[in-house]
Each structure stands twice: as C-alpha cells, then as structure tokens.
Amino acid sequence: MTTGKVLYKQQYSRSSFLLLNDGKSYQAYVMTIIADSAYINGDISKLALTTYRKRDPTFTGVVAYFTPTGKFVSSYGYKNGTLIAPPPSSSSAIALAKPTVRSSINSVPVKIAAVAVPECIDWYWNTYENDVLVSSEYLYTTCSDVASGGSSDGSSSGGGTSPAPTPCIPPASTPPPAEAAHFNIAVAQPTPTPVGGDGDGGLPPPAPAPAPCPTETMVADTIKSPCAQVAAVISRAANAIIAAQNSTILSNTTSTGIEYGANQNVANLTGTTYVNTPITAGTSSSWTAGFTWNSTNGYTIGYSHGHPAGTGPSPADVFSLVQNLTNTTLTSAGNPSIQFYENNAQVTTETSTGNYIITITNWQAMQSLLNSAFSTQAEINTLNGEYVDDAKDYLSNNATATVGDAGAYALMTLFSSDINIYYAQPGSTNYQPLIINGVTGTDTIATINC
Amino acid sequence: MKKIAFLIWGLTFSLLSFGQNAISLSDAVKLDLPDSMQKITKEEALAFAGKQFNNEPRTMRSIAKRRMDNIYRVKNVLVTLHTEAIQPDNKTTTEGHLAQLKKGFDELSYGDPTYSSKEETINNNSVLVENYIVGNVGYYRFYLYNKNFTRAVTGILEFKKTDKDDANLILNHILQTVSLKD
C-alpha cells in the first residue's frame, strides 16, 4: 500500500556543491539539505542555519549526498538536532516493505515518497524527469513510536539515516552536465574540512574512502558553478557599452547621492551586441528598472545600478530579476525566450568600494521564495529585516568590513546556493566569485581565484 | 564647599559601584561592566532572550548565529562584545570608515522611525552608535576604533524597550571605560 505521503517540501531544500579534500585529492559532491516543514515553521531562512560546517542544533530533516552526475551517495536524518541511527541491516523486518512511489512535478528535484506498513515506513528518494521516474533510492526507515502515539506522519517525523552505500569519485574528465537539468546547484565551499559527528559542528561527510564511479547513464544536473560563470560575467562587464554605462552610473550615483541605473539589453537572442539603453535617475534609495523584450528596444537580461550609500546588493535587486519571469512580455514570447533570459540574467550593483554582480542559479527556488516570502509588505519587511540583521551582525563580527560586503554576505546567507555573487574593485571588470569561509558567527566572505 | 565635596564623594561612589568588573576581551582591550554582569553561554543567552524578549523571531535568529565568545547578561540587558586587531596593511579602515558605515546603516534603516545613529569621539576613540527597535526589543549597536585605527571593539546591547534607561547607562559605561592599546 502506498501512503502517498511526501515527507519534505521541495521549497524547503537547499543544494550546495562540495569539494572535499582528504589530503590526497578532491572529491566533488552535491549536498542537498531538506528541512522538515515543522522545523521550518514558516521561516524559510532557517535553511541557512545548517551548512556542511555548521548544523543548527534544532535541525530536523535530512541531508543527502550525490555525485555531481546525480548518483545518490548517502543520506543522514536528523530530528531535533540528533542524528537518527540507521536501520540495523537491509534484511531486517522494516526493510521488507515493497515500495510504491508517487509522482512528482516535472523536473522537480526531489520528493520523497513513502510506503506504509503497520509500524514502519520506508522512505525513498525519487527522481523524475518529465514525469518519468528515473531513479529511486532507499533512504531510511522510520517506525511508529507506539508508546507515544506514533510518529509516522511524514510532515513531522523527521529524517533517518541510510545504510551508507559505497560512494565513489566521479572521473576527473566528467564533463559539466547538460543545461536541461534536474538540479540547479551552485556555490562551492572550497576544500572544507569534513567535521561530521553528532555534535552541532556540522554535517557528516558523504562517506569515507570513495572509490571510482562506474560508468552509467545518469540524470543530468545543472551546476551553474561560480567559476563556470565567471568568464561570461567578466565578458559582459568588459563590453564597451556596458562598461561605459557602468562608469557613468557610478560617477552620477556617487556625485549626486541618487541611484542611477540602466537596463542591460541585447539587440537579439543570438549574439552579445548590447543596446545603448538610457541611464536614468531614481531616488536616494531606489531605482526603477524597465523591461523590454523586442527587437526594437532590445531584450532585457539585466540591470546596472548604483548604491550611493555604499550598501551592497539587496533582496529587491535579486527579486527584480525573478519578477521578470512572470512578466507577460517575456512569458508570451515562449519557452526559448524564458530559457535565454534565465541563462543570461544578472544584476550589477555599483558602490564606491566595489561592484557586485548577482546571477540566479536556482530559478525555481527563487520564484518559490518570491511567492512565499517577498510578496506582501509584511513578508518584504521581514525578509529585509533579516537581511539588515545579517549585514549588521557581519559588521559586528568583522570590524573592518564594508557595508557593501556586509550586504553581499547577508544575501549569501539568505539565498545560499540559489544565487552567485561576483565582486570587482571599483573601476575594474576583473570579477571574482564570492564565497563564505568559516563557521557561522566567525565566517567571512572571500573571493575565489578561479 | 560641603555640597561640592558631597557631590565628588557621590560621583566617586557611583563610579566605584558601577565599575568593578574589569573585562579583558584580549591582551590589548579592556573595559568595565557593572557589578551585576554575568558571563553566559549561548544556551543561556538563547534561554534568556526567549523569555525576556518573548521569542522575538529576528532577535532569536540573530543570537542563534552569533559569535559567542563574549556574551554577558547585565541586569536585563544582553551584551555581546567583540574585538579585533586591524592589520597594518588594511587601507580601508581609516578615519573615513565610520562615516561610511553610518551612511550605509542610515540607508539600510531607511524608513525605520525608531532608528537613529550618532558618530562621536570618546576618550580619543571614534565611535558609531546605532539605536533602533525590532518588535519589542530595543537595540544599541556600537563600533569603536582607537585613534590610529589599529584595534576595534564592537558591541550589541539587546533589551526590552522598557529597559532602555538601563541599557543606555551600560552602553555609556562601556564606551567610557574601554581601553585599547595601539
């Protein structure tokens, strides 16, 4: 019998790209953290409290590791911060239930379906592509606590820990996955030291002593890694029209104390010829972006604007990109146009202490966040408040930081791997990806040399 | 003359009674906290904040992610302190740094009627103080740098709105007593 239960909501998940160094070589993994609905309790920002290096002591949910090509490696479940022990063996009674799976939305990364037995439920990680089940991985089993009235309700039962399968090292020559993907994953944590354990110091490593992967056909991932994108980011910033616009925008912004900005419009969908769009003035705290999608005015794939007070990119800057996905001018142009937009959209924020460019790596997650946490004025106030808190906390912990960097840190904390942020010194187009180094509370942002 | 003597005695007594707890944040940074100060753990800070601030979500979220080296409870005020040495090759943290921070904070708090900020010099130290309210929680944040910008102390004071006077006294005491070596 199928329970039909979905344990974790997709929008409560975050994926990160891990590079682990065992002292001899690097292994790459995709780490997906999925939080329990009850744990999130309406505060989606709690997802950011758990990373590979640092785990929220109250975390309830599951962390799953995959190879970059999508092969499941292992999973660990937590309930109220405590690691759930794996089942004793695959031959135990609780593993005998035959799984029946439930469909998920087309191209949605993961949902976990369940199979009911009187006392226990086996949970599976089902992956779909175009509504077709392409893989099903056993994760773990949860059993009802009879004495306490049972815990098999998938919405609050927490996670479990899989019997650790043998992980593997993907071949060094594995090409980047195709664009028509399944996962949207970004932001590398450079050579973190696995901490594991069951304290609150982080998450267990994917698995010890990985072996080479067997060759097989897997679901493709989209890994819009910061370094993979950086050449395109630099190229656009160095474009003569964009560079001239940016120079004028920064100059006007700093000299007047008013935000100036311009659309970044390409002339057509096949090249990189930019339209010399007008530079317009906003107010001291905002600039209103436009959007066109035609051959006359060009196709808007981004914005440049200045922040006169030196503050970094804001949530509104990020969501200005996401909001365009529901602009009827774009949606009526069809899927190829939407795909082109998603592949090229970026927003540039210029300040007197440096410039920041943001790209979206997980459009689905950001759209979900826009709808659930940045739609009403109350939601906007809450998210902006958390952004300000994170920025100020960063400055309280890093007395030499700029407010620009503090804002970038706050965005990376809020949106995690769903965005990439690049930084360049004022007047430079040598953008480099930003990452967060260290554990929460003592972490700092730094640039990666790709 | 007697009145003046009494005033001097009273002032001395109040300073003595308020400043008997020297705290060393590092070998180079010292300050005083009032008698009632109590160094607490992260769990204690969260428990105190949960009860005192009615689990204000933004406050709880901030404390949960905070560096926990130096957290104190002083009366009903939560005091978080941090210090760091500024590297000699740091070219950005100079005299204009606080003005830039103030400009940024003022912009970040644009539209918040509870927010105010002030830049001042106290005992040759440059200080920026912010004051604002989140929900039912009052905040003082300060960023203090010595004359040559070689060391800094930052602090966060969180308190019930009704305890603002206590928080203000504690803040002023910290800012007056902090001592940073060059």
**Q** Salt-bridged, Asp390(A) to Lys65(B), with N to O below 4.0 Å?
**A** yes
**Q** Could you tell me which of Thr353(A), Asp443(A), Asn398(A) has the largest number of non-hydrogen atom pairs under 4.5 Å with chain B?
**A** Asn398(A)
**Q** Which bit of Thr58(A) is near chain B, if near means a heavy-atom gap under 4.5 Å: side chain, backbone, both or neither?
**A** neither
**Q** Is Lys392(A) paired with Glu130(B) through a side-chain N to carboxylate O contact shorter than 4.0 Å?
**A** yes
**Q** Which one, Ser285(A), Gly312(A), Gly310(A), leads in non-hydrogen pairs under 4.5 Å with chain B?
**A** Ser285(A)
**Q** Report the residue from Asn146(B), Leu144(B), Ile86(B), Leu25(B) that forms a side chain to side chain contact (heavy atoms under 4.5 Å, CB included) with Arg151(B).
**A** Asn146(B)
**Q** Within a reach of under 6.0 Å around CG of Asp182(B), are more than 12 heavy atoms found that belong to other residues, nucleotides or ligands?
**A** yes
**Q** Give the intermediate values and the outcome of side-chain contact (heavy atoms from CB on, under 4.5 Å) for residues Leu157(B) and Leu78(B).
**A** CA-CA 6 Å; Leu157(B) 280 69; Leu78(B) 197 62; over 6 Å; no
**Q** Given that the side chain runs from C-beta out, which part of Tyr145(B) has a heavy atom under 4.5 Å from chain A: side chain, backbone, both or neither?
**A** side chain
**Q** Which one, Asn384(A), Asp389(A), Val403(A), Thr311(A), leads in non-hydrogen pairs under 4.5 Å with chain B?
**A** Asp389(A)
**Q** Which residue is it: Phe319(A), Phe415(A), Tyr387(A)? I am looking for the one with a ring pair (Phe, Tyr, Trp, His ring centres under 6.0 Å) to Phe374(A).
**A** Phe319(A)
**Q** With Glu158(B), which of Arg66(B), Arg58(B), Arg141(B) fulfils salt bridge (Lys or Arg N to Asp or Glu O under 4.0 Å)?
**A** Arg66(B)
**Q** Between Ile156(B) and chain A, with a heavy-atom cut-off of 4.5 Å, which part of the residue counts as in contact: side chain, backbone, both or neither?
**A** side chain
**Q** Is it the backbone or the side chain of Thr442(A) that comes under 4.5 Å from a heavy atom of chain B, or both, or neither?
**A** both
**Q** Using heavy-atom distances under 4.5 Å, tell me whether Thr80(B) contacts chain A through its side chain, its backbone, both, or neither.
**A** neither
**Q** Tell me, for Ala401(A) versus chain B, whether the close heavy atoms (under 4.5 Å) come from the side chain, the backbone, both or neither.
**A** backbone
